[in-house]
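Beneath this line is the structure, given in C-alpha cells, with notes to follow.
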Amino acid sequence: MALSVALHIPSPPINGFYIGPLFVHFYGLMYVVGITLAIIIARRRWRAVGGDVSLVTDVAVWAVPAGIIGGRIYFDVTTPFDITPHTWYGPLAVWNGGLGIWGGVLAGAAVGIWRVHRAGADWRLMADAVAPALLVAQAIGRIGNYFNQELFGKPSTLPWAVQISPAFRPHGYQAFSTFQPSFLYEAIFDLALAAALVWLGHHRHIRPPGLFALYVAGYSAYRIFEETIRIDSSAHFLGLRLNFFVALVGALAGLTWFVFTQRRRPAPEPAGPTPAAPGGTAEPQSATGVGHDQP
C-alpha cells in the first residue's frame, strides 16, 4: 500500500508555556536567548582587542532596551494596521510580534555609540566586535517568528515549506496551507554572514568599523530578496513593499560606508588600556577589532 507523506515544516502546536501564573511566549524567550548569546560573543571579541568586557554589559543595558523601543516604534509607524490587540496598549504589545529591525538597529547603535564614547573607548572597534553577535541574535529571534506564525513568504509546495494555521494566513491566501519559510531563510543567512564577518576579521585587514559596515550592507542586501517573497501586510511605495526601498538604501549605504572606512587614515586607537603581558610588555592588539580566539 502506497503511503502519502506530507513534506513540510508543521505549524507550531503552541506559542508558549506557563510558569505558575506567568505565560512565557516563545517569541520573547528567543529574543532573550539571542541577546544573551550576543552579549557573550561580543564580550569575548571585545576582550580580544584589549577592551574592558564590563563595557559590553554596560552598553547592552542601554542599547538593548533602546533597540526594542526603536524597533517597536518603526513597526507601529510603518504598519499601524498590524497592531494587535486593538486596545490602548496594542502599540506596546511586543510579545505579539512586531519589531522592525531597521528601527531597532538604528536606535540601539545610536545609544551604544553614546555609551562607548562616554566610556572613552573607540566605538568603531566596538561596532566590529558586536557585528557578528548581532547577526546571531537576529537569527535566534527568527525562531520566535516561527512560533508566532509570522514573517513567512508566498505559498509553496517545497519540502521545507511551513504549514500556517488558517487564523494566521493573510487575506486572499486562505486556500493555501504551506508557505515559504522566509524567517528560516533569514536565520540561515544571518548565521552565514556572521561566520563570514568573523572569517574576514581573521584573514583580511579590515579597518573598523568595516565589519559593521559589511553587516549593514550584507543584511540589507538579503532583505531586498526577502521583501520580494514576503506576503504579510506592509506599507507600499511605487507598488513595492516599503522595506524593499529601506533595504536598498541600507545596502548602498553600507557598501559606501565600507569603502570609505577602508580608505580612511589613520586607523583608530586600541579599544582601551592595553593589558600587560607576563614580563611587563603590552599585548599586541588588532586594529580590525577581531582577535584570534573569538567565535
A side-chain contact here means heavy atoms from C-beta on lying under 4.5 Å apart; do Y219 and L134 qualify? no

N/O donor-acceptor pair under 3.5 Å between S11 side chain and I164 backbone: no

Would I113 end up clustered with L55 when hydrophobic side chains under 4.5 Å apart are linked, directly or stepwise? yes

Side-chain contact test, heavy atoms from C-beta onward, threshold under 4.5 Å: evaluate it for S156 versus F179 and give yes or no. no

Check this for me: does any side-chain nitrogen of one of R241 and D232 sit under 4.0 Å from a carboxylate oxygen of the other? yes

Do W160 side-chain atoms and I9 backbone N/O form a donor-acceptor pair below 3.5 Å? no

Under a 4.5 Å side-chain heavy-atom rule over Ile, Leu, Val, Met, Phe, Trp and Tyr, are I224 and L214 clustered together? no

Give a yes or no answer on whether the side chain of Y222 reaches the backbone of E186 with a donor-acceptor pair at less than 3.5 Å. yes

Verdict with reasoning, V198 to H202, per side chain to side chain contact (heavy atoms under 4.5 Å, CB included): CA-CA 6 Å; V198 171; H202 277 296; 3.6 Å; yes

Taking all non-hydrogen atoms of both residues, which atom of A131 and which atom of L197 are closest, and how far apart? CB-CD1, 4.1 Å

Where the side chain of R43 meets the backbone of V53, is there a donor-acceptor pair that is under 3.5 Å apart? yes

Same hydrophobic cluster for F26 and L37, using side-chain heavy-atom links shorter than 4.5 Å among ILVMFWY? yes

How about S182 and R142: do any of their side-chain heavy atoms sit closer than 4.5 Å? no

Spacing of CG belonging to L211 relative to OH belonging to Y215, to within rounding of 0.5 Å: 13.0 Å

Taking the side chain as everything from C-beta on, heavy atoms only, tell me whether V24 gets closer than 4.5 Å to Y18. no

Enter the distance from L29:CG to I140:CD1 here, rounded to the nearest 0.5 Å. 10.5 Å

How far apart are the C-alpha atoms of Y185 and I229, what are their side-chain angles, what is the distance that settles it, and do they pass the side chain to side chain contact (heavy atoms under 4.5 Å, CB included) test? CA-CA 11 Å; Y185 299 160; I229 67 171; 4.0 Å; yes

Please report the closest heavy-atom contact between P65 and A60, naming both atoms and the distance. CD-O, 3.7 Å

Please report the closest heavy-atom contact between V130 and A42, naming both atoms and the distance. CG1-CB, 3.9 Å

Do the side chain of R169 and the main chain of Q174 share a donor and acceptor less than 3.5 angstrom apart? yes

Would you indicate whether the side-chain heavy atoms of E226 and N243 approach each other to under 4.5 Å? no

Report the distance from atom CG of D52 to atom CZ of R47, rounding to the nearest 0.5 Å. 10.0 Å

Out of curiosity, Y31 OH to N145 CG, how far, rounded to the nearest 0.5 Å? 5.5 Å

For R124 and T261: C-alpha separation, side-chain torsions, deciding distance, then whether side chain to side chain contact (heavy atoms under 4.5 Å, CB included) applies. CA-CA 10 Å; R124 294 167 294 183; T261 61; over 6 Å; no

With a sphere of 6.0 Å drawn around CZ of F168, does it hold more than 12 non-hydrogen atoms of other residues, nucleotides or ligands? yes

Reported CZ-to-CD distance for the pair F189 and Q138, which is rounded to 0.5 angstrom: 10.5 Å

Taking atom NE2 of H236 as the centre, does the number of heavy atoms from other residues, nucleotides or ligands within less than 6.0 Å exceed 12? yes

For V116 and D122, which heavy atoms make the closest approach, and how far apart are they? CG1-C, 3.8 Å

Determine whether L106 and W102 make a side-chain contact, defined as any pair of heavy atoms from C-beta on separated by less than 4.5 Å. no

Using the rule given for side chain to side chain contact (heavy atoms under 4.5 Å, CB included), can you reason through I206 versus F258, listing the C-alpha separation, both sets of side-chain angles and the distance that settles it, and then say yes or no? CA-CA 9 Å; I206 307 295; F258 175 75; 4.0 Å; yes

Neighbour count above 12 (heavy atom, 6.0 Å) for F23 CZ: yes

For the residue pair W123 and R115, establish whether any side-chain heavy-atom pair is separated by less than 4.5 Å. no

Nearest 0.5 angstrom please: T57 OG1 to W46 CH2, how far? 12.5 Å

Ring center gap for F152 and Y146 short of 6.0 angstrom: no

Heavy atoms only: give me the nearest I231-P155 pair and the separation to one decimal. CD1-CD, 4.4 Å

Please tell me if the side chains of Y74 and V105 come closer than 4.5 Å, counting only heavy atoms from C-beta onward. no

Please answer whether the main-chain N or O of F212 pairs with a side-chain N or O of D128 as donor and acceptor at a distance below 3.5 Å. yes

Looking at Q180 and R230, would you say the former's side chain and the latter's main chain have a donor-acceptor pair under 3.5 Å? no

Quick check: does any side chain N or O of T228 sit under 3.5 Å from a backbone N or O of F225, one acting as donor and the other as acceptor? yes

F183-F244 co-clustered via ILVMFWY side chain contacts under 4.5 Å: no

I need the minimum non-hydrogen distance between A127 and P209, along with the two atoms involved. CB-CB, 4.1 Å

Under 4.5 Å between side-chain heavy atoms, counting indirect links through other Ile/Leu/Val/Met/Phe/Trp/Tyr residues: same cluster for M30 and L191 or not? yes

